[in-house]
Amino acid sequence: MTELQDRQPAGDPVGAIAAPLEVRTAIYKMMVEMRGFEKRAYDLFLQGLVKGTSHLGLGQEAVAAGFGAAMLPSDYTFATYRGHNHTLARGAPMAAVMAELMGRQAGLMAGKGGSMHLTSVEHRMMGSYAIVGAHLTIANGAAWSSKLRHAGEVAVCFFGDGTTNIGAFHEALNLAAVWKLPVVFVCENNRWMEYTPISSVTAVEHPAADRARAYGLDPVLVDGNDADQTYGAARAAIEHARSGGGPALVEAETYRHGGHSRADPGKYRPDEEVEAWLGRDPIPRYRTRLLGAGVDEAVLVRIEEEAQAAVDAAAREAEASPPPDLSLVGADLWADGGSSWRS
Amino acid sequence: MTELQDRQPAGDPVGAIAAPLEVRTAIYKMMVEMRGFEKRAYDLFLQGLVKGTSHLGLGQEAVAAGFGAAMLPSDYTFATYRGHNHTLARGAPMAAVMAELMGRQAGLMAGKGGSMHLTSVEHRMMGSYAIVGAHLTIANGAAWSSKLRHAGEVAVCFFGDGTTNIGAFHEALNLAAVWKLPVVFVCENNRWMEYTPISSVTAVEHPAADRARAYGLDPVLVDGNDADQTYGAARAAIEHARSGGGPALVEAETYRHGGHSRADPGKYRPDEEVEAWLGRDPIPRYRTRLLGAGVDEAVLVRIEEEAQAAVDAAAREAEASPPPDLSLVGADLWADGGSSWRS
Amino acid sequence: MAELTYRDAVARGIAQEMERDPSVVFLGEDVGAAGGVFKATVGLLDRFGPQRVADTPISEQAILGAAMGAAMTGLRPIAEIMFSDFFAVCWDLVANEIAKTRYMTNGQVSLPLVIRSANGGGVRFGAQHSQSVENWAMAVPGLKVVAPSTPRDVVGLLAAAVRDPDPVLFFEQKSLYPTKGEVPDGEIVDTLGTAAVRRHGRDATIVALAAMVPRALDAADALSREGVEVTVIDLRSLVPLDVTTVATSVVETGHLVTVEENPRLCGWGAEVASIIAEERLFDLDGPIVRVTTPHVPLPAADALEDAALPSVARIVDGVRRALQ
Amino acid sequence: MAELTYRDAVARGIAQEMERDPSVVFLGEDVGAAGGVFKATVGLLDRFGPQRVADTPISEQAILGAAMGAAMTGLRPIAEIMFSDFFAVCWDLVANEIAKTRYMTNGQVSLPLVIRSANGGGVRFGAQHSQSVENWAMAVPGLKVVAPSTPRDVVGLLAAAVRDPDPVLFFEQKSLYPTKGEVPDGEIVDTLGTAAVRRHGRDATIVALAAMVPRALDAADALSREGVEVTVIDLRSLVPLDVTTVATSVVETGHLVTVEENPRLCGWGAEVASIIAEERLFDLDGPIVRVTTPHVPLPAADALEDAALPSVARIVDGVRRALQ
Ligand SMILES: Cc1ncc(C[n+]2csc(CCOP(=O)(O)OP(=O)(O)O)c2C)c(N)n1
Ligand SMILES: Cc1ncc(C[n+]2csc(CCOP(=O)(O)OP(=O)(O)O)c2C)c(N)n1
Ligand SMILES: [Mg+2]
Ligand SMILES: [Mg+2]
């Protein structure tokens, strides 16, 4: 921890690009909503209403929010199974996301995908991917398409530290660099793969940043629990990509407050490590910072209350939705709406 | 070329470990045999006697020979489809290798594998692999086994520049480093994948060396057309691995004289490039060097004559062998010698 | 004799073999310190130490490459691929390297290794964590393919797989992990390629695998209440395939129904059906019916997943169609 | 009407579609400047430029990821996987991502893309460059699977594949590249999921695919000399599967023989056999016979490879067994 604390900037830190105050309150709002949403999702799991698996990003909100605030509406998001926050960050409706976790008809994908595959093309949330690595290569494809269409869209792709050790990571980074694609790769280094510390299975200390040079890229390492830093890094990387400078690889150091997935209490982690990171929770930290920057506490309280109300409403709406129509089992394998494989 | 010539050491170069003269003549002998063997293989292809595909290492002999000379008999070789030279370097009989190329019963694998899969477990030539990347991970396995068995064996794994862009490369290098495996990865950078220049598809200039740091390894770049340098690098890397220092990644810059595979005239390469590299042919270069070092020319001439005679004999022997017994189609899928899948 | 979960049977089987043979090693993601994401390998690290029980990075190709290279050079590795869906990221090692190497080298290379993986649906994990891919493996020459349905078979078939001189893909059905069964004390070693007749009846033959076995038995109960008595065969192994047991039963009953969790096309049931249609056509008194997951990915929502997987009702219905 | 090789038909088909639709792009290893390792894409780079014809590194996952991401966002990519054996290094993209995404997203994501690949044996390339893996693709829900046997079908089915709104795996049989056939002038667009009856006879039905079609026709000639007249159906597409054409013929002939280049277990012939054994059992007058490559990898030596692949003699023999 000392090492991290050392690197933690004193006072009011800046990323490459300093954020105006209205952006910073918007980021705070996003983080508070994410936190409220995921805490509720966890409660609903305990009540047996969220089925299957789910992977919370509690503690990692500053990454999704900082990048979300820096993206244009036309930019693309690609996320992992730990993608609730990234989905909300693009504006997907909370109720639909909650209903998807609960396997209801009102779900974002009517229950067909589940928590691990949240997708809302309407919001340019191009999917959550549950097999480690693949989506880095897919994000390249969206960036390639943007480039060929001269569309100016940037693809932003989130993944974990553990993902840096799989082959697809390597192939994606190299191709992105060679083709100078407008794609930003964001490694959320939360120090653990599932139950194994990343340091025990990785040849370098910083799984993403220490490998940037292998793709001709500059290493970028930020405090992922500091939304100003993530926002600043996001702005810089996205603008670099949008202006034809090619890909960027950002490593954001962060921590998940809970276990890997819903059933995991995360007990394998040393108490001191957990405690130290809880002390660096991005949300209270940002709250203090905003107060220090002159934001009226009433504004923040209102954000917090509204977020809570929104979560309550979303949960109610999701719970009110029926299970999906069973005809969906055979629907939408093909573009014709069906799944027939024969004459 | 200037760049390479600049890097080419003046006078008698040394690798990390200087080779005694008997080793150097042995290396010369290996190279001359390899060259004679592959030229004959090409003639036999033109005569329609070598079927299927084959990939010659003409021009790249200094890598196979330098490493071959530095390995202990108990060390393991893993090679690619371009593996004739590496197979011969371990002492596999020329006639059996030639017969394998011709699809004969006397072939190293009785014709079941073909040119791309040369294997002689007896000589610790653990296989030639035709799908790019996989064998780097397999070499790790042999090294892991050596480590667990405290056997002191080192696995040496050869591959091309193009291979550095596939996922398996990345996974293999990382695991080897994390587990500190006694494995030496040797990238033969011949500047081309099949018909595409490696520089056009790779994010860094030196596809292997510039990525060593991504695995916590030191970059090693040698002139792969200089057998003293490859031998020296091999000795250093293998001893490092054998003594528990973990893996090494060596990039040897070299060039194939011909096309990618037997039917390819290699015409896509700029004439000047080909000519410049033909001028750096490792065999005449080494011959001159040995003469300069005081080796009697008669010794070298004798090596050359014996090699030619050995090639002639091998070709005759191979040609005399009948096609494989057709019962082999159903043989040796399983350890019981058969291929039955049912009761 | 003790009652054991299918989950605990995995650790027991591995431990039995590691205890017996020091060349058996075990590797995979989160398998050691964490005891596996399904908690099926708890205690092995403590018992056998980090040399023989190795946690790996998320590098499935590197895992299987390590297993293969180690098997070539004197060890007998057991590798875990956490979910069988992830075979897709390392299929080159499985299908192109491990399966083919003995054959290509004219028998020079032996690969005594086992790859365990959690297979199948029923736990609402969605399309990328629920596939039944035993038919992918069956389609590749050079792989033995095993899928136990009971804790006892987990131990016995795992031991047989470890002792087998050829590569074995060992599919554990993840919805079966919490199920319990009697497991005899002491060493258990079974025989690959032998099906088990779980119930005997003269009216029709149901052939099932893994999680479909208990469902087929439930269907048999239901049918029995209607006066239809079926034989239920638990294949246990797809390669080698116990054609004899299936064919013998079909000759007796004249009717065949296969129950597959894999999606329809090119499932193992198609292979079984085609064998019987070639070798026992004139013993059939009715159509061969295949009950499968429809040819779609598995949806995540519980209601949808239940509707997609072969249910007891669909099996009963399949038998009725076969008997018509 | 011009005589064209199967090889040249590939470039013609791609060019036809790239000319028509500017959103069609093409990528793969050595496909541009070199015109492909099989010289099947010569001239496309010159004609359409490096933006639309892209040479890639040896990174099959990155190739298919690029194709998928581009297809999600407005392009219609054609990706080449040089040899179909290499699907094993990118099977995750094919089977887990491309195949499942429309379904998982409840129809939100469209993936109009084509993956072309050189499939099959007969050219002495050995076990890792000769596989017929169309059955791997058929087993995965969400993929359309096409395998033409003639130059005309290459153009027409490739065009249909490019225009199809769903992902299509397009298997070119590498031993057919040098074969020639008449191809009409002008635009050709065929229909996926339609089999072609290549010869008509009343005694038995042979169903074949790709390189097995000309062999089946040779076998039909040989049988005809013995007085046995067979129908030869070229499936052309495995998904969608033209069951109607096959079933109609079987009702007429009463005998079915499938001829598959893939190794035996879980080949497409098993699926076809199982469908007929379920739906047309009582129309069969003899066993369903499958002629396949035995369940082994393909050996490299010419003599061995020829002995392994289904030969005209083995097809003739298969028909005789079906008729017994
Ligand atoms: C190819 C593959 N291997 C293994 C898994 C199982 N798995 C799911 S998440 C995970 C850990 C991922 O770690 P990281 O990339 O750090 O992301 P985090 O979960 O910490 O956000 C693993 C091993 C998987 N989904 N895909
Ligand atoms: C996974 C995979 N992709 C593509 C190929 C086809 N292929 C065979 S050799 C080769 C070029 C390899 O280049 P490099 O690694 O530089 O080795 P070299 O042939 O130059 O020795 C390619 C693309 C393959 N065998 N495997
Ligand atoms: Mg992590
Ligand atoms: Mg090369």
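These numbers come from the heavy atoms of this one structure, side chains and all, not from hydrogens, waters or symmetry mates. Every chain is numbered from 1, with letters handed out A, B, ... down the list of sequences.
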Need one label for D:N96: side chain, backbone, both or neither, based on atoms under 4.5 Å from any heavy atom in chain A. side chain
A:L328 portion near chain D, given a 4.5 angstrom heavy-atom threshold: both
Please determine, among A:G107, A:A172, A:A168, the option with the most heavy-atom pairs under 4.5 Å with chain D. A:A168
Segment of D:V25 engaging chain A (4.5 angstrom heavy-atom cut-off): side chain
Checking side chain to side chain contact (heavy atoms under 4.5 Å, CB included) against D:M104, which of A:K112, A:M116, A:H117 comes through? A:H117
Chain A interface, residue from D:D92, D:D164, D:V239 that has the most non-hydrogen pairs under 4.5 Å: D:D92
Verify the neighbour count for atom CD of D:E279: are there more than 12 heavy atoms of other residues, nucleotides or ligands below 6.0 Å? yes
Between atom CG of A:D332 and atom OG of D:S110, what is the distance when rounded to the nearest 0.5 Å? 9.5 Å
Quick check on the interface: out of D:I58, D:N106, D:T101, who has the most heavy-atom pairs with chain A under 4.5 Å? D:N106
Does some side-chain heavy atom of A:V121 sit less than 4.5 Å from a side-chain heavy atom of D:T105? no
Answer whether the closest heavy-atom distance between the side chains of D:L27 and A:W179 falls below 4.5 Å. yes
Under 4.5 Å, counting heavy-atom pairs only, tell me which of D:P165, D:A99, D:G142 racks up the most with chain A. D:G142
Quick check on D:L111 against chain A: is it the side chain, the backbone, both or neither that has a heavy atom closer than 4.5 Å? neither
Taking A:R342 for the side chain and D:G193 for the main chain, is one N or O donor matched with an acceptor at less than 3.5 Å? no
Choice from A:L136, A:N140, A:L175 maximising heavy atom contacts with chain D below 4.5 Å: A:L175
Within the side chain of D:Q108, is there an N or O that forms a donor-acceptor pair under 3.5 Å with the backbone of A:T119? yes
Under a 4.5 Å heavy-atom cut-off, does chain A meet the side chain of D:L64, its backbone, both or neither? neither
Which distance, rounded to the nearest 0.5 Å, do you find between the NZ of D:K100 and the CD1 of A:I131? 7.5 Å
Should D:M72 and A:I138 count as side-chain neighbours, where that means a heavy-atom distance under 4.5 Å? yes
Is the closest side-chain heavy-atom distance between A:R149 and D:T73 below 4.5 Å? yes
Residue, of D:G107, D:P112, D:A247, that accumulates the most heavy atom pairs under 4.5 Å with chain A: D:G107
Contact origin within A:V178 toward chain D - heavy atom pairs under 4.5 Å: neither
Mind checking the CZ-OG spacing from D:R76 to A:S145? Nearest 0.5 Å is all I need. 13.0 Å
Specify which of D:S23, D:P22, D:A66, D:P77 makes the most heavy-atom pairs with chain A at under 4.5 Å. D:A66
Residue selection (most heavy-atom pairs with chain A, distance under 4.5 Å) from D:R102, D:R52, D:M138: D:R102
Of the listed A:A142, A:G113, A:S146, the one with the largest count of heavy-atom pairs under 4.5 Å with chain D is A:A142
With only heavy atoms counted, which part of A:A331 is less than 4.5 Å from chain D, the side chain, the backbone, both or neither? backbone
Examine distances only and state if a side-chain atom of D:Y103 and a backbone atom of A:V329 form a donor-acceptor pair shorter than 3.5 Å. yes
Measure from NZ or CZ of D:K144 to the centre of the six-membered ring of A:W341 and say whether it is under 6.0 Å with the direction within 45° of the ring axis. no
When the 4.5 angstrom heavy-atom criterion is applied to D:L143 and chain A, the contacting part is backbone
Best-contacting candidate, A:S343, A:S339, A:A151, against chain D by heavy atom pairs under 4.5 angstrom: A:S343
About how many Å separate CD of D:E97 and OG1 of A:T137, when rounded to the nearest 0.5 Å? 7.5 Å
